[in-house]
Amino acid sequence: MPVLGRAGQVVDDVEEELTRVLQSGAGGGGGAEFPGDVPASLGIVPVTFNGIGAIYNKATLTEIGGTEPKTWDDVLALCTKAKDHGKVLLALGNQTNWVTQLVDYSLAATTVYAQNPDFDAELSAGKATFAGSAWKQTMQKYLDLDKAGCFSKNPNGTSYETSISDVAQGKAVGVVQVTTSIPQVQKEAGADAELGMFAPPSTNNADETRIPAAVSAAYGLNAAGKHAAEGKKFVEFLASSEGQRIYAEKGSTLPALPNDSFKADPALTGLIDMQKNGKTVPFMDQRWPNPEVQATHFTAVQKLFSGSESVDEALKSMDDAAKKS
């Protein structure tokens, strides 16, 4: 299991048992097999398993006469249904720079990674490029959705907060977001609002559809810390079934270590099903060569939506960033 940080900064004594549990499938949402609390002296422990997908209000989807899309053509047809009812299918807050990546990620999970799971490794090894891969089709599909009227009227002028409110108020059917946004939508929409989540298809073969999902938070011990004993107890608690359950329930995510004591938010059913069926791919930026690629991606998408940069230029800028050490 990779440990972030310079050598010696984090206590690197993760036991084989934890590694085995992680490899058996992070993110179980109730009913997943779990061999009990991890009885290990841990240096680092993952706590959440997060996903990126279309979070939507079920009542609004019903109002426009729609159902969860299974293919790319279904998505485009659903955009039309939403427009016919004076709504948009997906609120998009690209004014908030980190939001820019999420639709790309949700599409690329299928167009890029379902076909070539090793793309990121090949990119790091200099054997692949963004420009020469299905990332080109991914970005074009992102723009195609905008041209089809699937998004907010002015994504670059719409904030994350506004996109959440648009879903809660029924102005948009849903929003492509991380699962940690579910509590915010729920809070604004009201406790009675029933939310769902699906992986946006990007091809017309439903079997190909994947969803980005990964361990998204972890706690580690500082090897030079003055309270190692106390810190160790806390990390061990986070690795326990109780610790994993509490952390996941408060954040509307799945526990990184599967356990039967966790009761998932019903809105997470779509993510759970995809995880159980082996149809998840890691968050893309977690395996890119350096952090600058992600930052460049933010800017590139904003430029795409402003019309100041083409898809080819956007991908070239990401390739240039990937080559930096």
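Sequential numbering from 1 along the given sequence is applied to the chain's residues. On a predicted model such as this, the values are computed, not experimentally measured, just so you know.
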Yes or no on side-chain contact (heavy atoms from CB on, under 4.5 Å) for Met139 and Val311, after CA distance, side-chain angles and deciding distance? CA-CA 7 Å; Met139 280 196 168; Val311 169; 3.9 Å; yes
Where the side chain of Ser152 meets the backbone of Leu92, is there a donor-acceptor pair that is under 3.5 Å apart? yes
Over all atoms of both residues, closest heavy-atom pair of Glu309 and Leu304: O-CD2, 3.3 Å
For a 4.5 angstrom cut-off between non-hydrogen side-chain atoms, does Pro289 reach Leu123? yes
Can you say whether the rings of His297 and Trp288 are parallel (under 30°), tilted (30 to 60°) or perpendicular (over 60°)? perpendicular
Are the side chain of Lys58 and the backbone N or O of Gly196 linked by a donor-acceptor pair below 3.5 Å? no
Side-chain heavy atoms nearer than 4.5 Å, only ILVMFWY residues, links allowed to pass through others: does that put Val88 and Val185 together? no
What I want to check is whether the side chains of Thr162 and Ser159 have a donor and an acceptor closer together than 3.5 Å. yes
Which heavy-atom pair separates Gly243 from Ser240 by the least distance, and what is that distance? N-OG, 3.1 Å
Validation row: Phe130, Lys136 side chains within 4.5 angstrom (heavy atoms): no
Spacing of Thr60 atom OG1 and Asp166 atom CG [to the nearest 0.5 Å]: 11.0 Å
For a quick test of reading the model, state the closest non-hydrogen atom pair linking Arg210 to Ala199 and the distance between them. O-CB, 3.8 Å
So, does Lys87 use its side chain to make a donor-acceptor pair with the main chain of Val173 at under 3.5 Å? no
Do the side chains of Thr280 and Pro212 get nearer than 4.5 Å, heavy atoms only? no
To the nearest 0.5 Å, what is the distance between OH on Tyr113 and CG on Asp118? 11.0 Å
Short side-chain to backbone donor-acceptor contact, Asp74 and Thr71, under 3.5 Å: yes
Step by step, work out the side-chain contact (heavy atoms from CB on, under 4.5 Å) result for Val167 and Ile55. CA-CA 9 Å; Val167 178; Ile55 300 166; 6.0 Å; no
Check whether more than 12 heavy atoms from other residues, nucleotides or ligands sit under 6.0 Å from atom CG of Asp192, and answer yes or no. no
Which heavy-atom pair separates Ile52 from Ile211 by the least distance, and what is that distance? O-CG1, 3.1 Å
Transitive ILVMFWY side-chain link Val281 to Phe283, under 4.5 Å: yes
Can you tell me if Gln244 uses its side chain to pair, donor with acceptor, with the backbone of Pro46 under 3.5 Å? yes
Is the gap between the ring centers of Phe262 and Tyr247 under 6.0 Å? no
For Phe237 and Tyr219, run ring-ring contact (aromatic ring centres under 6.0 Å, His included): C-alpha distance rounded to whole Å, both residues' side-chain angles, the deciding distance at 0.1 Å, then the answer. CA-CA 11 Å; Phe237 170 72; Tyr219 283 78; over 10 Å; no
Start with the C-alpha gap between Gln302 and Thr100, add the side-chain angles, then the distance that decides, and say whether side-chain contact (heavy atoms from CB on, under 4.5 Å) holds. CA-CA 7 Å; Gln302 288 178 329; Thr100 58; 3.7 Å; yes
Any chance you could measure Asn57, atom CG, to Leu61, atom CG, to the nearest 0.5 Å? 9.0 Å
Can you tell me if Thr129 uses its side chain to pair, donor with acceptor, with the backbone of Gly132 under 3.5 Å? yes
Under 3.5 Å, is there a donor-acceptor pair between the side chain of Ser106 and the main chain of Val103? yes
Does NZ in Lys303 sit with more than 12 non-hydrogen atoms of other residues, nucleotides or ligands closer than 6.0 Å? no
Salt-bridged, Asp319 to Lys323, with N to O below 4.0 Å? no
Over all heavy atoms of both residues, which pair between Ala214 and Gln286 is shortest? Give the atoms and the distance, please. CB-OE1, 3.4 Å
Pair listing, side-chain hydrogen bond (donor to acceptor under 3.5 Å, both in side chains) test, anchored in residues 173-185, at least two apart: Asn50-Thr179, Tyr160-Ser181, Tyr160-Gln184, Gln177-Ser181
Any sub-3.5 Å donor-acceptor pair from Gln101's side-chain atoms to Trp98's backbone N or O? yes
Treating Asn290 as the side-chain partner and Glu292 as the backbone partner, does any N or O pair qualify as donor plus acceptor under 3.5 Å? yes
Asp320 and Lys316: salt bridge (charged side-chain N to carboxylate O under 4.0 Å, His left out), yes or no, with the steps? CA-CA 6 Å; Asp320 290 342; Lys316 181 181 183 303; 3.0 Å; yes
Kindly say whether the aromatic ring centers of Phe198 and Tyr56 come within a distance under 6.0 Å. yes
Any idea which heavy atoms bring Phe49 and Val215 closest together, and the distance? CD1-N, 3.8 Å
Distance check, rounded to the nearest 0.5 Å: Lys263 atom NZ versus Glu249 atom CD? 9.0 Å
Glu161 side, atom CD; Glu188 side, atom CD - distance, nearest 0.5 Å: 9.5 Å
Side-chain heavy-atom pair Val301, Asn97 within 4.5 angstrom cut-off: no
Please check: side-chain N/O of Gln186 versus main-chain N/O of Gly190, any donor-acceptor pairing under 3.5 Å? yes
Validation row: Leu254, Thr48 side chains within 4.5 angstrom (heavy atoms): no
Does atom CD of Gln169 have more than 12 heavy-atom neighbours, drawn from other residues, nucleotides or ligands, at distances under 6.0 Å? yes
Can you list the steps and then say if Val112 with Met284 is a side-chain contact (heavy atoms from CB on, under 4.5 Å)? CA-CA 10 Å; Val112 178; Met284 291 72 191; over 6 Å; no
Does one side chain, of Glu122 or Asn116, offer a donor that lies under 3.5 Å from an acceptor on the other? yes
In terms of ring plane angle, is the pair Phe305 and Phe151 parallel, tilted or perpendicular, where the classes change at 30° and 60°? tilted
Can a side-chain donor-acceptor contact be found between Thr203 and Glu208 if the only test is distance below 3.5 angstrom? yes
Hey, what do you get for NZ (Lys83) to CG (Leu78), rounding to the nearest 0.5 Å? 11.5 Å
Taking atom types as modelled, is there a side-chain donor on Thr138 or Thr111 under 3.5 Å from an acceptor on the other? yes
Residue pair Ser163 / Val99, side-chain heavy-atom distance below 4.5 Å: no
